Protein chains: 2
Amino acid sequence: MANTLSSGLEDYIETIYLSTKNGEMLKGADLARKLGVSRASVSEALSKLVSKKLIKYNSYEAITLTKAGDEEAQKVYEKHYVLKEFFEKVLDVDSSEASENACKIEHFVSKNILCSMQKFTKFFVKHKKILEAYIEESEK
Amino acid sequence: MANTLSSGLEDYIETIYLSTKNGEMLKGADLARKLGVSRASVSEALSKLVSKKLIKYNSYEAITLTKAGDEEAQKVYEKHYVLKEFFEKVLDVDSSEASENACKIEHFVSKNILCSMQKFTKFFVKHKKILEAYIEESEK
DNA sequence: AAAAATTGTAAGGTAAACCTAACACAATGT
DNA sequence: ACATTGTGTTAGGTTTACCTTACAATTTTT
């Protein structure tokens with residue numbers, strides 16, 4: 001009823017967002033495979049998302065986001081993206097570890113911290129020399 | 001049975017760790033108040049921790065950590081501390097927001113990322129001028 | 001010592017996410 | 001067109017963590 005999504009539902013909607021953005025015709029079973037859960041779990045989750053009016057879905061057809069769903073998903077993905085970029089470009093963590101951590105942390109991190117991370121990433125990409133000095137220092 | 005603690009149990013053990021470290025005689029009801037949950041929930045959680053041999057506990061007496069419990073708690077708290085320091089000293093987030101975020105994220109962040117954050121914090125504390133340059137830049 | 005307050009536990013419930021098994025329905029291949 | 005494969009749903013279970021209510025046990029206060 002409340003408009004806050006659980007971590008689980010955020011994962012579903014985020015995956016739907018990324019897939020449909022890619023032009024993929026995403027069905028329930030595809031989602032089950034991508035998320036590594038059973039078709040039954042997907043079925044349950046999708047009906048929750050339908051009842052929250054975040055997606056449109058009819059059996060055997062492709063899942064689509066409503067306008068509200070798209071907005072919600074974009075917020076989640078934005079968080080994911082900022083975290084991943086920060087982990088990779090600032091903390092120099094490899095891509096897959098950055099993604100995995102972002103996936104979990106995106107559900108909990110505050111807007112404020114994300115905002116700082118974003119500024120920080122921008123700054124660091126601009127000033128590579130400082131980053132190099134940091135790496136040199138940290139390897140001592 | 002497995003030796004991995006859920007986020008919830010990590011919170012319990014972390015709170016016990018911090019309180020007892022402070023010399024506090026922590027009873028179940030105190031824990032309930034600190035964590036904002038019912039005494040019944042605490043009672044359940046404590047018996048799980050007892051059966052995992054992480055704490056010692058007899059009704060109406062103070063809770064203590066076993067050696068294994070202390071080690072486990074220290075690991076959790078270390079994560080919390082590294083995150084909080086990073087948020088405060090590098091990202092310039094205020095203390096309470098840093099703590100709140102650390103509390104949630106500590107259960108999910110990888111060792112590797114924590115390690116980078118720790119190095120980063122050390123570096124930044126040392127080189128305040130760079131931080132100042134960053135702040136100037138980010139306020140544009 | 002008796003009354004009052006605090007503490008702990010048991011019973012029974014809710015909610016979220018997951019599962020398997022079984023079955024219905026749809027799409028595809030030959 | 002019919003069999004096979006793939007997809008979706010239902011029903012019934014599990015787990016984790018929480019809750020309230022009610023009661024039992026222990027302290028503390030008077």
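Just so we're on the same page: letters track the sequence lines, and every chain starts at 1. Worth saying up front: this structure is predicted, and the values here are computed from it rather than measured.
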**Asked** More than 12 non-hydrogen atoms from neighbouring residues, nucleotides or ligands closer than 6.0 Å to NZ on B:K104, yes or no?
**Response**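 Result for NZ/B:K104: enclosed.
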
Pairing donors with acceptors under 3.5 angstrom, does anything connect the side chains of [X] and [Y]?
{"X": "A:S41", "Y": "A:S38", "result": "yes"}
{"X": "B:E100", "Y": "A:S110", "result": "no"}
{"X": "A:K34", "Y": "A:S19", "result": "yes"}

Within this structure, what is the [atom1]-to-[atom2] distance between [X] and [N], rounded to whole angstrom?
{"X": "A:D11", "N": "C:dC18", "atom1": "CG", "atom2": "P", "value": "8 Å"}
{"X": "B:E61", "N": "D:dT27", "atom1": "CD", "atom2": "P", "value": "8 Å"}
{"X": "A:L35", "N": "C:dA16", "atom1": "CG", "atom2": "P", "value": "19 Å"}
{"X": "B:N58", "N": "C:dT7", "atom1": "CG", "atom2": "C1'", "value": "14 Å"}
{"X": "B:L26", "N": "C:dT6", "atom1": "CG", "atom2": "P", "value": "17 Å"}
{"X": "A:H107", "N": "C:dA16", "atom1": "NE2", "atom2": "P", "value": "16 Å"}
{"X": "A:I63", "N": "D:dG8", "atom1": "CD1", "atom2": "C1'", "value": "11 Å"}
{"X": "A:D30", "N": "D:dT5", "atom1": "CG", "atom2": "C1'", "value": "15 Å"}

**Fill in**
Expected string for nucleotides 21-29 of chain C under the B/S/- scheme (protein heavy atoms, under 4.0 Å, primed atoms plus P, OP1, OP2 as sugar-phosphate) is ----BS---

**Item:** Lys/Arg-Asp/Glu bridge criterion (N-O < 4.0 Å) met for B:D30, B:R33
**Value:**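 Result for this pair is yes, salt bridge flagged.
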
Quick check on [N]: is either OP1 or OP2 less than 4.0 Å from any side-chain nitrogen or oxygen of [X]?
{"X": "B:S59", "N": "D:dA25", "answer": "no"}
{"X": "B:Y12", "N": "D:dC18", "answer": "yes"}
{"X": "B:S38", "N": "D:dC18", "answer": "no"}

**Residue-level proximity of residues 42-50 of chain B to DNA chain D when a heavy atom falls under 4.0 Å** =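 Here the set is B:E44, B:K48.
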
**Message:** If you compare all heavy atoms of B:V37 against all heavy atoms of B:Y12, which two are closest, and at what distance to 0.1 Å?
**Reply:**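 Between these two residues, the closest heavy atoms are CG2-OH, 3.6 Å.
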
**Message:** Give me the atom names and distance for the closest heavy-atom approach of A:T15 to A:D11.
**Reply:**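 The answer is OG1-O, 2.9 Å.
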
**Request:** Would you please indicate yes or no on a ring centroid separation below 6.0 angstrom for A:F86 and A:F124?
**Result:**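 Ring centroids of A:F124 and A:F86 are no less than 6.0 Å from each other.
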
**Prompt:** What nucleic acid atoms does B:S41 come within less than 4.0 Å of, heavy atoms only: base, sugar-phosphate, or nothing?
**Reply:**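 Counting heavy atoms under 4.0 Å across all strands, the contact made by B:S41 includes a base.
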
Only distances under 3.5 Å count here; give the side-chain donor-acceptor pairs of residues 73-83 of chain A to other protein atoms, sequence neighbours excluded, each with its distance to 0.1 Å.
{"unit_1": "A:H80", "atom_1": "ND1", "unit_2": "A:E106", "atom_2": "OE1", "d": "2.7"}

